[in-house]
Amino acid sequence: MTEEDQNEKPLDFIRTKVKEDQESGKNESRVHTRFPPEPNGYLHLGHAKSICLNFGIAKEFGGLCNLRLDDTNPVAEKTEYAEAIKEDVKWLGFDWEDRFFHASDYFGQLFDWAIKLIRDGKAFVCDLSFEEMRELRGNLTEPGKESPFRERSVEENLELFEKMKAGEFPEGSKTLRAKIDMSSPNINLRDPVIYRILHQEHPKTGDEWKIYPSYDFAHGQSDSIEGITHSLCTLEFEHHRPLYDWFCENLGIHHPQQIEFARLNMTYVVMSKRKMLRLVEKGYVDGWDDPRMATLQGMRRRGFTPESIREFAERVGLAKRENMIEVELLEHCLRTDLNKRAPRRLGVLRPLKVVIENYPEGKSEGLEAVNNPENPDEGTRQVSFSREIFIDRNDFMEDPPKKYFRLAPGSEVRLKYAYYVTCREVIKDEDGEVCELVCSYDPESRGGDSPDGRKVRGTIQWVDAATAVQAEVRLYDRLFSNPTPEQAEDGSDFTDHLNPDSLIKIKDALVEQAASLLSPGEPFQLERIGYFCADPDSTTEKRVILNRSVALRDSWAKTSK
RNA sequence: AGCCUGGUGGUGUAAUGGUAGCACAGGAGUUUUUGGUACUCUUAGUUGGGGUUCGAGUCCCUGCCGGGCUGCCA
């Protein structure tokens with residue numbers, strides 16, 4: 001993209017603000033962002049939007065972006081998740097260089113800042129139980145009441161807080177609270193808890209700490225320590241911004257600006273960690289990396305490319321209003337990317353035997369097939385052809401409707417890259433099912449063109465019976481049959497809307513050899529069917545298992561309905 | 001109920017007082033050895049009501065609707 005294009009391209013509200021700040025010299029014109037996931041689950045498409053935003057802005061404005069794990073709650077967090085997060089961000093194509101941090105790196109500094117707040121009379125140790133605190137907090141319409149421990153002396157607070165740190169009190173018995181305003185209409189400002197007692201091993205700091213800072217007391221300060229200039233987060237943190245600001249101001253430290261944007265929602269999926277966890281735990285899917293999941297690991301296994309996801313993240317836009325992106329946009333991004341890069345191969349999902357009666361028995365020949373019509377540089381390959389081949393059952397109809405261009409009794413079609421064939425005879429088994437076709441071929445049409453200029457409307461794919469490789473093909477479709485499974489109008493649960501056909505396994509598909517040799521994740525197209533890649537199970541189970549990433553657009557399916 | 005926040009075609013997103021545009025989806029067609037791709041054309045929109053103004057999606061008032069908030073989660 002040229003500089004001019006970039007100037008012409010309208011900026012979203014966040015980039016507009018970043019640009020203003022940079023041009024006005026704020027933060028010495030530095031731009032520094034961060035992606036701060038909590039390591040309590042796997043990253044999903046919604047995170048991808050945030051990753052692309054944060055790393056993208058840093059790149060566009062000549063700045064930096066950190067990766068920081070927000071590990072302030074050891075109860076839910078695991079190293080397993082932390083590793084997956086790093087892997088996923090890297091796979092998506094972003095580089096945090098040497099700036100990989102943890103909120104727990106700052107526990108010491110955070111503790112010192114808590115001390116400062118106590119000394120300044122802005123924080124106090126509170127003995128209220130969970131329930132008592134809730135009662136005194138008030139509600140949406142009524143102001144809260146001050147804690148009876150609010151006016152403890154600085155000395156007593158200091159002593160108690162040190163004892164909390166030393167592990168002298170049981171979990172839940174005391175908290176450290178900021179002294180702000182119990183009557184604030186923003187409930188987050190009603191003396192929020194900033195430290196709680198948790199006798200819990202932390203994946204990073206072990207048993208060093210018995211108290212842990214809350215999100216509000218850790219996040220903004222972590223941003224501040226790292227010199228973040230723009231702290232981008234989702235809308236639900238909007239009510240927390242006054243708190244974010246309050247801590248930076250009252251601590252007298254570098255004050256990054258928090259800006260909120262609307263999170264990503266998409267049709268036919270669920271995007272919350274909690275709901276995804278349920279899908280995994282209840283066995284509705286095969287795991288976090290199930291190709292039907294909107295997790296980055298699932299999407300990668302399914303055959304999504306980092307490029308397609310980045311393109312998607314850019315195209316969904318950025319604003320503050322709630323949104324529901326149609327999954328079709330994601331599919332479009334994948335197809336566009338794969339169309340230009342995926343090599344073409346031949347395969348049939350539901351094989352139907354075809355014997356070419358006038359083709360010499362025992363003969364076999366190699367035919368030249370184009371690897372990628374979008375890119376001639378990828379050249380051609382040889383595919384073998386002989387008297388017995390298989391075509392897809394979908395490509396034959398005994399009693400075809402109008403405008404059906406494929407094979408039917410007496411009709412002629414082109415076998416892609418091979419010959420024109422005409423269906424002469426239909427053989428059925430005892431159940432009356434078509435089980436074999438007898439065709440004749442035109443030897444003059446080798447390569448797929450007839451010297452007499454005769455045109456044929458239909459072109460179908462095929463595989464050579466002698467050399468085709470058997471494959472299990474997994475056809476994935478949307479996980480839910482309802483576009484908005486979470487917004488059940490009838491009070492139903494999202495799991496009531498699971499699509500029973502979201503996974504169809506075809507055990508006995510046949511593909512040409514070249515389609516059976518690719519490693520997991522390498523995309524290819526089975527012509528006229530869709531984009532595929534080998535599943536990791538291929539390696540462990542030592543057989544060919546293919547995932548359909550996305551089907552090709554099928555305008556015939558549409559018109560024939 | 002109070003506070004905060006947001007409302008532009010089916011979906012998403014532009015237009016910062018001056019021709020409502022782009023993308024996806026939908027429809028029609030051209031090309032085609034993938035009923036793919038590409039290309040062309042096309043349907044469809046400013047939440048209601050008032051006001052300011054030569055002129056309002058944009059500013060003001062008011063109604064309506066959506067989202068968020070009463071964790072020692074993030």
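Keep in mind that the numbers below use all heavy atoms, side chains included, and drop hydrogens, waters and symmetry copies. Within every chain, numbering begins at 1; the chains are lettered A, B, ... in the order of the sequence lines, protein sequences first and strands thereafter.
- Applying the 4.0 Å criterion to OP1 and OP2 of rA14(B), one finds that Lys9(A) has every side-chain N and O outside that range.
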Within the sub-3.5 Å range, which N or O atoms of nucleotides 4-10 of chain B have a protein N or O partner, and how far apart are they?
| from | atom 1 | to | atom 2 | distance (Å) |
| --- | --- | --- | --- | --- |
| rG10(B) | N2 | Glu326(A) | OE1 | 2.7 |

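- Side-chain proximity of Thr141(A) to rG2(B), rC72(B), rU11(B): nearest is rG2(B).
- Look at Arg414(A) and you won't find any side-chain N or O under 4.0 angstrom from OP1 or OP2 of rU34(B).
- Using C1' as the reference atom, rA56(B) and rC61(B) are 15 Å apart when rounded to the nearest Å.
- In this structure, CG of Leu128(A) is placed 14 Å from P of rG71(B), rounded to the nearest angstrom.
- The listed nucleotides are rA14(B), rG35(B), rU34(B); the one nearest the side chain of Lys416(A) is rU34(B).
- Of the C1' atoms belonging to rG63(B) and rA44(B), the separation is 27 Å, rounded to the nearest Å.
- Among the protein residues, Tyr404(A) comes within range of the nucleic acid bases, having at least one heavy atom under 4.0 Å from a base atom.
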Can you give me the N/O atom pairs linking the protein to nucleotides 19-23 of chain B at distances under 3.5 Å, or say none if there are none?
| from | atom 1 | to | atom 2 | distance (Å) |
| --- | --- | --- | --- | --- |
| rA23(B) | O2' | Arg315(A) | NH1 | 2.6 |

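- Identified under the salt bridge (Lys or Arg N to Asp or Glu O under 4.0 Å) test for residues 182-193 of chain A, with sequence neighbours left out: Arg150(A)-Asp191(A).
- Using C1' as the reference atom, rC22(B) and rU8(B) are 13 Å apart when rounded to the nearest Å.
- Across all strands shown, Asp449(A) has heavy atoms under 4.0 Å from base atoms, whether or not it also approaches the sugar-phosphate.
- Glycosidic torsion of rG71(B) falls within 90° of 0, placing the base in syn.
- Sorted by first then second residue, the side-chain hydrogen bond (donor to acceptor under 3.5 Å, both in side chains) pairs that include residues 39-53 of chain A, not counting sequence neighbours, are Glu38(A)-Asn40(A), Asn40(A)-Lys273(A), Tyr42(A)-Glu80(A), Ser50(A)-Asn54(A).
- Separation of the P atoms belonging to rA15(B) and rG51(B) is 29 Å when rounded to the nearest angstrom.
- The stretch residues 173-185 of chain A participates, sequence neighbours left out, in these side-chain hydrogen bond (donor to acceptor under 3.5 Å, both in side chains) pairs: Asp181(A)-Ser183(A).
- Checked against rA1(B), rG12(B), rC72(B), the side chain of Leu140(A) finds its nearest nucleotide in rA1(B).
- Distance from the side chain of Glu38(A) is smallest to rA74(B) among rU34(B), rG35(B), rA74(B).
- Contact annotation for Thr175(A): base contact, defined as any heavy-atom pair under 4.0 Å involving a base atom.
- The base of rU11(B) is not paired with the side chain of Glu328(A) by any donor and acceptor separated by under 3.5 Å.
- The distance between atom CG of Leu407(A) and atom P of rG35(B), rounded to the nearest whole Å, is 13 Å.
- In RNA chain B, runs of at least 3 consecutive Watson-Crick or G-U pairs, each pair with both distances below 3.5 Å, span B:2-7 with B:64-69, B:10-13 with B:21-24, B:26-30 with B:38-42, B:47-51 with B:59-63.
- Between rG35(B), rA14(B), rU34(B), one nucleotide has an atom nearer to the side chain of Lys403(A) than all others, and that is rG35(B).
- Of the candidates rU34(B), rC69(B), rG71(B), rG71(B) carries the atom nearest the Arg134(A) side chain, counting heavy atoms from C-beta on.
- The CD-C1' distance, from Glu135(A) to rU70(B), rounds to 13 Å in whole Å.
- Between Glu331(A) atom CD and rU37(B) atom P the separation is 13 Å, expressed in whole Å.
- The phosphate of rC3(B) has neither OP1 nor OP2 within less than 4.0 Å of any side-chain N or O from Ser184(A).
- You'll find a donor-acceptor pair under 3.5 Å spanning the side chain of Glu374(A) and the base of rG36(B), going by distance alone.
- If you measure from atom CD of Glu131(A) to atom C1' of rG71(B), you get 12 Å, rounded to the nearest angstrom.
- Side-chain contact annotation: His102(A) with Asp71(A), donor-acceptor N/O pair under 3.5 Å absent.
- Across Phe111(A), Phe107(A), Phe217(A), Tyr106(A), a single residue satisfies ring-ring contact (aromatic ring centres under 6.0 Å, His included) together with Tyr212(A), and that is Phe107(A).
- Remark: Arg196(A) is in phosphate contact with rA74(B), judged by side-chain N or O atoms under 4.0 Å from OP1 or OP2.
- Side-chain proximity of Pro185(A) to rU70(B), rU13(B), rC3(B): nearest is rC3(B).
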